[in-house]
Amino acid sequence: MSPIRNAMVLAAGLGTRMRPLTDDRPKPMVEVAGKPLIDHVLDRLADAGIETAVVNLHYFADRLEAHLAGRTCPRLVFSDERDQLLDTGGGIRKALPLLGDAPFVSINSDTIWIEGIRPNLPSLMEAFDPAKMDAILLLAAATGSVGYDGRGDFVMDGDGRLTLRGEGLMAPFVYAGAAVLAPALFDRTPEGPFSLVKLFARAAEAGRLFGLRLEGVWMHVGTPEAIGEAELAVSLSTE
């Protein structure tokens, strides 16, 4: 398989749970450890060899676009959702013509982690096998992740194949906000808003959804209070 060169950065969300910090800016511009979240993400993509990143825009679109205007690595292309917020799946579907025909990285603009021994994005990209996968997701342990208190998202078997958490159950792994996706994952999808979770469920039913466990520490920065926890974890990791 040829190297993965393109990425989709999901940056259009409203950031409701991050208020009041998002009253005057998009969530991707909220700072953690002295740097906006989206810059953490774009730096990580550049380090992984991504050449072009498509960034979708909706909430405070002008401000985010202006913030990123001077960025050259990776090269940025904007997918405009000012007229209608399309959710994660719909946003990527709209951007597919900008992403090309090859598998690509999808990453949330507010995901942040402390690397382990090996950088996680290159490992995820290397692990993607289009012959048997429609998607491979970066997964963090539901227990031990900073700022996360949910019930988990996925169960993973010994081959890395994923099933979704059942209703009312707990699952050991949570989606860490980064994946490699095949464009075919979006076959037979409608125009307009829809969630990536629906496509993950469909791929899981077909046995084509896989996971890779994150090395290091994932930080769920969902609320203003979680920023302090994340910054403490970052500072401890650099001591």
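All heavy atoms count here, side chains included; hydrogens, waters and symmetry mates do not.
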Is there any salt bridge (charged side-chain N to carboxylate O under 4.0 Å, His left out) pair reaching into residues 101-121, and which pairs are they, with sequence neighbours excluded? K27-D110, R44-E115, R118-E126
Keeping to residues at least two apart or across chains, list the salt bridge (charged side-chain N to carboxylate O under 4.0 Å, His left out) pairs with something in residues 74-86. D62-R82, E65-R82, D80-R82
Please check this pair: side chain of [X] against backbone of [Y], looking for a donor-acceptor N/O pair closer than 3.5 Å.
X: W218; Y: A140; value: no
X: H40; Y: V32; value: yes
X: T52; Y: N6; value: no
X: R208; Y: A131; value: yes
X: R161; Y: G207; value: yes

Let me check something: do [X] and [Y] share a hydrophobic cluster, defined by ILVMFWY side-chain heavy atoms less than 4.5 Å apart, either directly or through other members?
X: F210; Y: F186; answer: no
X: L99; Y: V77; answer: yes
X: F78; Y: V41; answer: yes
X: M125; Y: L212; answer: yes
X: L181; Y: L139; answer: yes

Kindly indicate whether the side chain of [X], heavy atoms from C-beta on, has any atom under 4.5 Å from the side chain of [Y].
X: R71; Y: D39; answer: yes
X: L164; Y: L209; answer: yes
X: L86; Y: P193; answer: yes
X: W113; Y: L138; answer: yes
X: L14; Y: T22; answer: no
X: D87; Y: F194; answer: no
X: H67; Y: P36; answer: yes
X: D23; Y: F60; answer: no

Which atom of [X] lies closest to which atom of [Y], heavy atoms considered:
X: M156; Y: G211; value: SD-O, 3.5 Å
X: A12; Y: L85; value: O-CD1, 3.3 Å
X: P103; Y: I4; value: O-CG2, 3.7 Å
X: F173; Y: R213; value: CE2-CD, 3.8 Å
X: F154; Y: F200; value: CZ-CD1, 4.3 Å
X: S109; Y: A11; value: OG-CA, 3.4 Å

If the condition is ring pair (Phe, Tyr, Trp, His ring centres under 6.0 Å), which residues does F104 pass it with, not counting sequence neighbours? none
Enclosure of K198 NZ (heavy-atom neighbours >12, cutoff 6.0 Å): no
Nearest-0.5 Å distance that lies between atom [atom1] in [X] and atom [atom2] in [Y]:
X: L57; Y: R63; atom1: CG; atom2: CZ; value: 14.0 Å
X: L162; Y: M133; atom1: CG; atom2: CE; value: 9.5 Å
X: E205; Y: T163; atom1: CD; atom2: OG1; value: 11.0 Å
X: N108; Y: I38; atom1: CG; atom2: CD1; value: 11.0 Å
X: Q84; Y: E191; atom1: CD; atom2: CD; value: 9.5 Å
X: R19; Y: D24; atom1: CZ; atom2: CG; value: 11.5 Å

For D134, is there an ion pair with R202 - N to carboxylate O distance below 4.0 angstrom? no
Residues S106, L196; criterion side chain to side chain contact (heavy atoms under 4.5 Å, CB included); working and verdict: CA-CA 10 Å; S106 169; L196 264 179; 4.3 Å; yes
Could you go through L121 and I50, starting from their C-alpha distance and side-chain angles, then the distance that decides it, and tell me whether this counts as side chain to side chain contact (heavy atoms under 4.5 Å, CB included)? CA-CA 10 Å; L121 279 183; I50 293 297; over 6 Å; no
Using the rule side-chain contact (heavy atoms from CB on, under 4.5 Å), only one of L37, L68, D47 pairs with L42; which is it? L68
Pair M8, L96 - check side chain to side chain contact (heavy atoms under 4.5 Å, CB included), show working. CA-CA 9 Å; M8 178 77 196; L96 285 177; over 6 Å; no
